[in-house]
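In this text, all values refer to a predicted model and were calculated from it rather than measured experimentally. The figures here come from the full heavy-atom set of this structure, side chains too, leaving out hydrogens, waters and symmetry mates.
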Amino acid sequence: MDRHNSGRTYTADKDSTLLQYLYEILAGQSRSSVKAFLTHGQITVNGQSTTAYDHPVRKGDRISILEKGVMVRKRGGEKDGRVKIVFEDAWLLVVDKRSGILSMSTGKEGEVTAYSLMSDYVKRMHGKQAKVFIVHRIDRETSGLIIFAKDEKTKMKLQENWNDSVLERKYCAILEGHPSQHEGTVHSWLKENPKSLKVTSSPEDNGGKESVTHFRILSEGRSYSLAEFELETGRKHQIRVHAASLGCPVTGDRKYGARENPMGRIALHARSIVFRHPVSGKTMSFDTGLPNAFKAVMKDDSAEKKD
């Protein structure tokens, strides 16, 4: 450990997630006080400020705990760790996107997105003429799996046959409270307000988009529930709105009524996808597993339930 006037700096001796690493090096402190360092912006990894519990820590990284009031400027254009390639062949890329990064640009010049990162990657690996095409998107605040195509023909084949090609899409989320049913289906019509950009749900056809979400509660703690969602349709904010309609919004999702934010982000993750390969016809299955930050929140909540 190195000491500086602005705080303490540690060098990681193994790979981990940021919150888990902080728990280990600050073992004498309460978990809530450790989380507060992140909430208050007092943690940097290799000089970059982060508040994400699941920020990846690699062996050799320098983690600093700053005194309150010390501000750190984020490095412009930081890209490392934003996306992880989990599969690649001649036609497709499947990537795991971190929370806080857009799938595609909103039009701002120089905006770093999953698309721009993958575009840079294929140009480096396959030449300046190489391209990628995004097949589907997930929200900025949602982490998890996204599919990219390496040519427009493959992209169109997947998109045009999406309902037949995609056999399963599952998300995991931490909900505030406990739904009255441990499993079920939410069927409603979703409509977006063009001014607020907030999506509302109606049990009857109101001219919106018909939406169907299946849910199952995997575990419960004192304050939170760990849920699995399976999409039958894929609408904007669908899971977030349907979770709120159950009376249990996704934690961290203040837009749809959440009061708590234990992870410093919306606790929603696109965990798995199963689809037919558009060229080979082979069934492709990918599952990231439950993120470590989700496990940590539920472990803490379950411990509080027992106390």
Side-chain angles (χ1 to χ4, degrees), residues 12 14-18 45-48 50 52 54-62 74-162 165-169 171 234 269-289 291-292:
K14 62 181 180 181
D15 293 352
S16 178
T17 60
L18 183 54
V45 179
N46 298 325
Q48 181 188 8
T50 180
D54 56 352
H55 185 95
V57 171
R58 307 301 181 198
K59 185 176 179 179
D61 283 352
R62 291 172 64 81
K74 290 188 177 182
R75 291 179 292 175
E78 181 63 43
K79 299 180 181 180
D80 294 343
R82 303 282 182 103
V83 293
K84 175 184 177 183
I85 297 171
V86 298
F87 173 79
E88 179 178 8
D89 66 8
W91 302 278
L92 298 173
L93 281 160
V94 180
V95 306
D96 185 357
K97 178 185 81 70
R98 282 188 56 199
S99 171
I101 182 170
L102 285 164
S103 297
M104 281 196 75
S105 175
T106 57
K108 292 181 181 178
E109 188 176 350
E111 195 169 37
V112 177
T113 66
Y115 172 80
S116 70
L117 294 175
M118 287 301 96
S119 181
D120 290 346
Y121 166 76
V122 296
K123 290 182 189 306
R124 287 198 313 271
M125 298 300 294
H126 307 296
K128 292 183 178 180
Q129 302 304 313
K131 296 181 179 181
V132 291
F133 301 83
I134 193 162
V135 176
H136 68 112
R137 311 179 190 192
I138 57 177
D139 295 342
R140 179 203 291 264
E141 300 88 350
T142 303
S143 57
L145 297 172
I146 308 177
I147 303 171
F148 289 87
K150 289 185 174 180
D151 62 82
E152 196 163 11
K153 182 179 178 181
T154 301
K155 171 203 169 186
M156 296 303 294
K157 192 169 182 180
L158 263 175
Q159 289 183 336
E160 289 172 359
N161 300 287
W162 184 253
S165 297
V166 177
L167 307 177
E168 180 182 281
R169 288 177 72 192
Y171 289 65
H269 179 74
R271 173 176 175 165
S272 68
I273 189 165
V274 180
F275 62 95
R276 290 191 183 91
H277 195 288
V279 178
S280 69
K282 180 181 177 182
T283 298
M284 312 294 292
S285 179
F286 302 95
D287 190 332
T288 67
N292 288 330

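- Closest approach of Val122 to Ser119, counting heavy atoms only: CG2-O, 3.3 Å.
- With a 4.5 Å cut-off on side-chain heavy atoms, Leu93 and Ile85 count as touching.
- For the pair Val274 and Ser285, the tightest heavy-atom approach, listed with the atom from each and the gap, is CG2-OG, 3.6 Å.
- Two residues are said to be in side-chain contact when any heavy atoms from C-beta on lie closer than 4.5 Å; Asp89 and Val279 fail this criterion.
- Other residues, nucleotides and ligands place more than 12 heavy atoms under 6.0 Å from the NZ atom of Lys123.
- Between Leu92 and Pro278, some side-chain heavy-atom pair lies under the 4.5 Å cut-off.
- Note that the CZ atom of Arg58 and the OG atom of Ser16 stand 9.5 Å from one another [nearest 0.5 Å].
- Salt bridge Asp151/Lys131: absent, no basic N to carboxylate O contact under 4.0 Å.
- Minimum interatomic distance between Val166 and Phe275 (heavy atoms only, all atoms of both residues): CA-CB, 4.0 Å.
- Distance CZ/Arg137 to OG1/Thr113: 10.0 Å, rounded to 0.5 Å.
- In this pair, Phe87 and Phe286 present their aromatic rings tilted. The plane angle is within the 30 to 60° band.
- Taking CD of Glu141 as the reference point, atom CD1 of Ile101 lies at 12.5 Å (rounded to 0.5 Å).
- Here CD1 of Ile273 is found 3.5 Å from CD1 of Ile147. Values are rounded to the nearest 0.5 Å.
- The shortest non-hydrogen separation linking Leu117 to Arg82 is CD1-CB, 3.5 Å.
- Of all heavy-atom pairs between Lys97 and Val83, the closest is CA-CG1, 4.2 Å.
- Shown here for His136 and Ile146, the closest heavy-atom pair between the two residues is O-CG2, 3.2 Å.
- Under the rule for a side-chain hydrogen bond (donor to acceptor under 3.5 Å, both in side chains), Tyr115 has no partner lying at least two apart in sequence or in another chain.
- We find the CG-CG distance between Asp61 and Leu18 to be 9.5 Å, quoted to the nearest 0.5 Å.
- His269 places a side-chain heavy atom less than 4.5 Å from the side chain of Ser143.
- Within the 4.5 Å cutoff, side-chain heavy atoms of Trp162 are placed close to those of Val135.
- The NZ atom of Lys153 sits 13.0 Å away from atom CG of Leu158, with the distance rounded to the nearest 0.5 Å.
- In terms of modelled atom types and a separation under 3.5 Å, the side chain of Lys155 and the main chain of Phe133 share no donor-acceptor contact.
- Looking at heavy atoms from C-beta onward, Asn292 lies out of side-chain contact with Asp54 at the 4.5 angstrom threshold.
- Looking only at distances, no side-chain donor or acceptor of Ser165 sits under 3.5 Å from a matching main-chain atom of Arg276.
- Looking at heavy atoms from C-beta onward, Arg98 lies out of side-chain contact with Lys84 at the 4.5 angstrom threshold.
- Without hydrogens or angle criteria, Lys150 side chain to Trp91 main chain gives no donor-acceptor distance under 3.5 Å.
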